[in-house]
**Q** 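If you scroll down you'll find the structure; I have some questions about it.
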Amino acid sequence: MTEHDLTLVAGSAETSCGPDVVELQHLIDGNWTDSASGETFERHSPASGQLISRASRGDASDTEKAIAAARKAFDDRRWSDVPGAERARFLNRVADLIDTNRTRIARLETQESGKPISQAEAEIEGAANIWRYAATLAWNIRGESQNALGPDMLGMVLKVPVGVVSIITPWNFPFLIVSQKLPFALAAGCTAVIKPSELTSATTVLLGQLLIEAGLPAGVVNIVLGYGDPVGTVMTTHADVDMVSFTGSTGVGKSIVAATSATLKKVSLELGGKNPQVIFADADLDEAADAIVFGVYFNAGECCNSGSRIIVHEDVADALNEKIVALSRKVPFGDPMNPETRVGAIISKTHQDRIDGYVRQAVDAGARVLLGGEALSIDGLSGNFYQPTVVADVGAQMPIATEEVFGPVLSVLTFRTFDEAIALANTASYGLSAGVWSDNVHTCLEFVRRAEAGTVWTNTWMDGYPELPFGGVKESGLGRELGSGGIEEFLELKTVQMRIGKTRQKWV
Ligand code: NDP
């Protein structure tokens, strides 16, 4: 194959980034501040190499100041005493401001992450809706009462905010992921310290500006820019933090569980996935092929929900592979700032090498590359791009089939019986999502029952709604975001037992 067989979108003067460098500071106790050390770090576009942002580089002392501000804001009840209806109004104001600033946020998201501008815009629009959904929950925090404990006793279960939450986010959906956490934490009455990935700090800073514009009291949300060590380490070990909400790799998720154990913090984790889609012989192969291509190339495959592993009945494997390869050639890869582009740049050269390593390793172990399998050159852009890649004859135990590749790389495995398909689907240590393609509702429902996953899609892939919970089982995480339970993660139960009247029997 040559790159000319693909649909490539070259960089051009009109669509290239051409940015003014954005200067980013920490938000601590309502003030935008430089690091105590004065140090900074820079982010260059992974597509064009241009300098995009320069950010204050937080250290332990900056992080401790942010935690102290969040602690004080929680303890003096400046936010948790605000009635739910008013918190809801605030969240809706933020949503409106996100909408008003969508183009600006999306542009920065694309410049820092390399994702296509059309997807960044859709992501920001989706994020605004999550803020609106969380607003409905802020207005509806209800405990329960127990009125059958006997004539002289009334029981109540109150829901109270957990306290100070550390929110640590990755680079793949920077604005969306912080929006899956922060509005629910604020709806519950918590205060927060946020650390975005150092690769994608800018849009979290923009969000901070919008929170201030919407009228959030100082100290309720604080943002510290910088690296996992030391910023993340302090945020997960400090005694004044009550909870850590983290999205990222399973490896770091495990180290966060260990780090928080000394102070027994509540932990919520959204981690990796190696998400199988099983295609039965009676499936609509055209529909399936289209969804598979979307599932593996969306966000360049840098997606915890990436549909990177398909398990297809051997009778239809060749036919499906042919359709997938033909569609893959049509997907526009290239300049993320061009509205036509569907797949943009890979986040870093290091990550691109890692993706390529999985493909090389699979080929050495006997797998067959049907399409792609190499880095991609895009005219006019010097950044990191990887070809749409389809790898067949993949063995169930190969790392490409069991580990998160996080790139535009599809692994194809085959099966003969239902039990074999389920066994293959459940092989991975992950359990984030799974999918089934069949025209038979019984086959779909049997798969739904037996798949080890937090979400199962039937005859579709990667739809998502704020109303529906999201999270994983096994090594894909702990807890759930979104849905009506999304706020529960940030609430504790407090039991109240009230003796009614002077009926208490004396003990002595
Ligand atoms: P990480 O899990 O390493 O990082 C996610 C966030 O955690 C970042 O803000 C990071 O900071 C921070 N962090 C890192 N180490 C610590 C620590 N010890 N304590 C507290 N916070 C910490 O993901 P990466 O961004 O490095 O991506 C690596 C791989 O992780 C990807 O290739 C992919 O496989 C997977 N991944 C999965 C995601 C998912 O949604 N499931 C999302 C992103 C990545 P810093 O940026 O400074 O490292």
Side-chain angles (χ1 to χ4, degrees), residues 41 43 46 55 57-60 63 67 112-115 123 166-178 180-181 193-201 203-204 223-238 241 244-261 265 267-275 298-306 308 346-358 384 386 399-400 402-409 428-433 454-455 462 464 470-472 474-478 481:
F41 59 93
R43 176 62 176 155
R57 179 171 179 163
D59 62 13
T63 315
I67 292 171
E112 282 196 337
S113 72
K115 70 176 60 191
E123 183 182 327
S166 285
I167 293 178
I168 301 174
T169 57
W171 44 260
N172 54 345
F173 294 97
F175 199 84
L176 185 73
I177 289 174
V178 73
Q180 290 186 184
K181 300 172 186 294
V193 178
I194 306 171
K195 188 199 96 63
S197 163
E198 89 282 354
L199 299 174
T200 51
S201 308
T203 55
T204 302
I223 299 169
V224 186
L225 309 174
Y227 290 74
D229 183 20
V231 179
T233 307
V234 175
M235 287 171 69
T236 52
T237 51
H238 200 289
V241 171
V244 177
S245 176
F246 169 81
T247 297
S249 61
T250 292
V252 172
K254 287 179 181 174
S255 72
I256 283 177
V257 171
T260 53
S261 67
K265 300 182 194 316
V267 179
S268 136
L269 303 172
E270 296 300 337
L271 307 176
K274 190 68 194 177
N275 314 296
F298 177 69
N299 217 51
E302 294 168 337
C303 188
C304 54
N305 261 333
S306 170
S308 60
I346 301 297
I347 192 79
S348 65
K349 176 74 171 68
T350 315
H351 186 56
Q352 179 163 299
D353 292 345
R354 189 168 165 255
I355 295 169
D356 196 50
Y358 277 107
N384 325 302
Y386 203 80
I400 201 171
T402 58
E403 295 175 19
E404 238 184 349
V405 175
F406 239 58
V409 176
S429 54
Y430 294 111
L432 190 59
S433 53
T455 296
M462 221 179 342
F470 174 64
K474 295 161 76 180
E475 294 196 11
S476 287
L478 293 174
E481 293 182 342

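This one's a predicted model, so the numbers in the text were calculated from it and none came from an experiment. Both ligands and their constituent atoms are indexed starting at 1 by order of listing.
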**Q** Would you mind checking which non-hydrogen protein atom is closest to atom 43 (C) of ligand 1, with the distance to 0.1 Å?
**A** Pro170 CB, 3.3 Å
**Q** Please give me the minimum heavy-atom distance between Met235 and Ile168, naming the atom from each residue.
**A** CE-CG1, 3.9 Å
**Q** Can you list the ligand 1 atoms lying under 4.0 Å from a non-hydrogen atom of His351?
**A** 32 (O)
**Q** Taking 4.0 angstrom as the limit and counting only heavy atoms of Tyr227, give me the atoms of ligand 1 inside it, by number and element.
**A** 47 (O)
**Q** When rounded to the nearest 0.5 angstrom, what is the spacing between OG in Ser476 and NZ in Lys274?
**A**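 The distance works out to 12.0 Å.
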**Q** Assess Asp229 for proximity to ligand 1: is some non-hydrogen atom of it under 4.0 Å away?
**A** no
**Q** Tell me which protein heavy atom sits closest to atom 30 (O) of ligand 1, plus the residue, atom name and distance to 0.1 Å.
**A**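 Scanning the protein heavy atoms, the shortest distance from atom 30 (O) of ligand 1 goes to Ser249 CB, 2.9 Å.
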**Q** Between the candidates Pro230, Ala259, Gly226, Gly232, which shows the shortest non-hydrogen contact distance to atom 19 (N) of ligand 1?
**A**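 Nearest option to atom 19 (N) of ligand 1, by heavy atoms: Gly232.
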**Q** When you measure from atom 16 (C) of ligand 1 to every protein heavy atom, which one gives the shortest distance, and what is it?
**A**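 Result: Val252 CG1, 3.5 Å.
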**Q** Just need the protein heavy atom nearest to atom 46 (O) of ligand 1, so name the residue and atom and give the distance.
**A** Glu198 OE1, 2.3 Å
**Q** Quick check on Arg354 - does any of its heavy atoms sit under 4.0 Å from an atom of ligand 1?
**A**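 So Arg354 counts as touching ligand 1.
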**Q** Give the residue and atom name of whichever protein heavy atom lies nearest to atom 26 (O) of ligand 1, and the separation in Å to one decimal.
**A** Trp171 NE1, 4.1 Å
**Q** Are any side-chain N or O atoms of Lys115 and backbone N or O atoms of Asn172, one a donor and one an acceptor, separated by less than 3.5 Å?
**A** yes
**Q** Any protein heavy-atom neighbour for atom 32 (O) of ligand 1 (distance below 4.0 angstrom)?
**A**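 Protein heavy atoms within 4.0 Å of atom 32 (O) of ligand 1 - there is at least one.
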**Q** Closer than 4.0 angstrom: is that true for some heavy atom of Phe246 and an atom of ligand 1?
**A**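 Checking ligand 1 against Phe246, which is what was asked, there is a heavy-atom contact under 4.0 Å.
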**Q** Closer than 4.0 angstrom, basic N to acidic O: yes or no for Lys181 and Glu270?
**A** no
**Q** Roughly how far, to the nearest 0.5 Å, is CG of Leu432 from NZ of Lys474?
**A**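 Separation between the atoms: 11.5 Å.
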**Q** Is the side chain of His351 donor-acceptor paired with the backbone N or O of Phe406 at a distance under 3.5 Å, no angle test?
**A** yes
**Q** At a 4.0 Å threshold, what atoms of ligand 1 neighbour a non-hydrogen atom of Gly272?
**A** 41 (N)
**Q** Measure from the side-chain N and O atoms of Lys195 to the backbone N and O of Gly226, and report whether any donor-acceptor pair falls under 3.5 Å.
**A** yes
**Q** Of all the non-hydrogen atoms in the protein, which one sits nearest to atom 13 (N) of ligand 1, and at what distance?
**A** Gly228 CA, 3.7 Å
**Q** Should the proximity of Glu302 to ligand 1, defined as any heavy atom under 4.0 Å, be assigned to the side chain, the backbone, both, or neither?
**A** neither
**Q** When you measure from the side chain of Asn305 to the backbone of Met462, do you find a donor-acceptor pair of N or O atoms at a distance under 3.5 Å?
**A** no
**Q** Using the ring of each side chain (for Trp, its six-membered ring), is Phe173 parallel, tilted or perpendicular to Phe298, with breaks at 30° and 60°?
**A**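 Taking Phe298 first and then Phe173, their aromatic rings lie parallel (interplane angle under 30°).
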**Q** Considering only non-hydrogen protein atoms, determine which one is nearest to atom 38 (C) of ligand 1 and report residue, atom name and distance to 0.1 Å.
**A**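 The answer is Phe406 CZ, 3.5 Å.
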**Q** Return the residue, atom name and 0.1 Å-rounded distance of the protein heavy atom closest to atom 11 (O) of ligand 1.
**A**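 Checked against all protein heavy atoms, atom 11 (O) of ligand 1 sits closest to Lys195 NZ, 2.9 Å.
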**Q** Using a strict cut-off of 4.0 Å, indicate which atoms of ligand 1 neighbour a heavy atom of Ile168.
**A**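 Listed by number with element: 6 (C), 7 (O), 9 (O), 12 (C), 20 (C), 21 (N).
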**Q** Do Thr237 side-chain atoms and Thr260 backbone N/O form a donor-acceptor pair below 3.5 Å?
**A** no
**Q** Should you measure from each heavy atom of Thr169, which atoms of ligand 1 turn up under 4.0 Å away?
**A** 6 (C), 8 (C), 9 (O)
**Q** Could you list the atoms of ligand 1 found under 4.0 angstrom from a heavy atom of Cys304?
**A**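 Taking each heavy atom of Cys304 in turn, ligand 1 has 39 (C), 40 (O), 41 (N) under 4.0 Å.
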**Q** Do Glu198 and Arg57 sit within salt-bridge range, that is, some charged N less than 4.0 Å from a carboxylate O?
**A** no
**Q** For Leu199, which part has a heavy atom under 4.0 Å from ligand 1: side chain, backbone, both, or neither?
**A** neither
**Q** Using a strict cut-off of 4.0 Å, indicate which atoms of ligand 1 neighbour a heavy atom of Thr247.
**A**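 Counting from 1, the qualifying ligand atoms are 5 (C), 40 (O).
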**Q** For the residue pair Glu404 and Cys304, what are the closest heavy atoms and their distance?
**A** OE2-CA, 3.8 Å
**Q** With a 3.5 Å distance limit and no angle check, can you tell me whether Glu475 reaches the backbone of Thr250 through a side-chain donor-acceptor pair?
**A** no
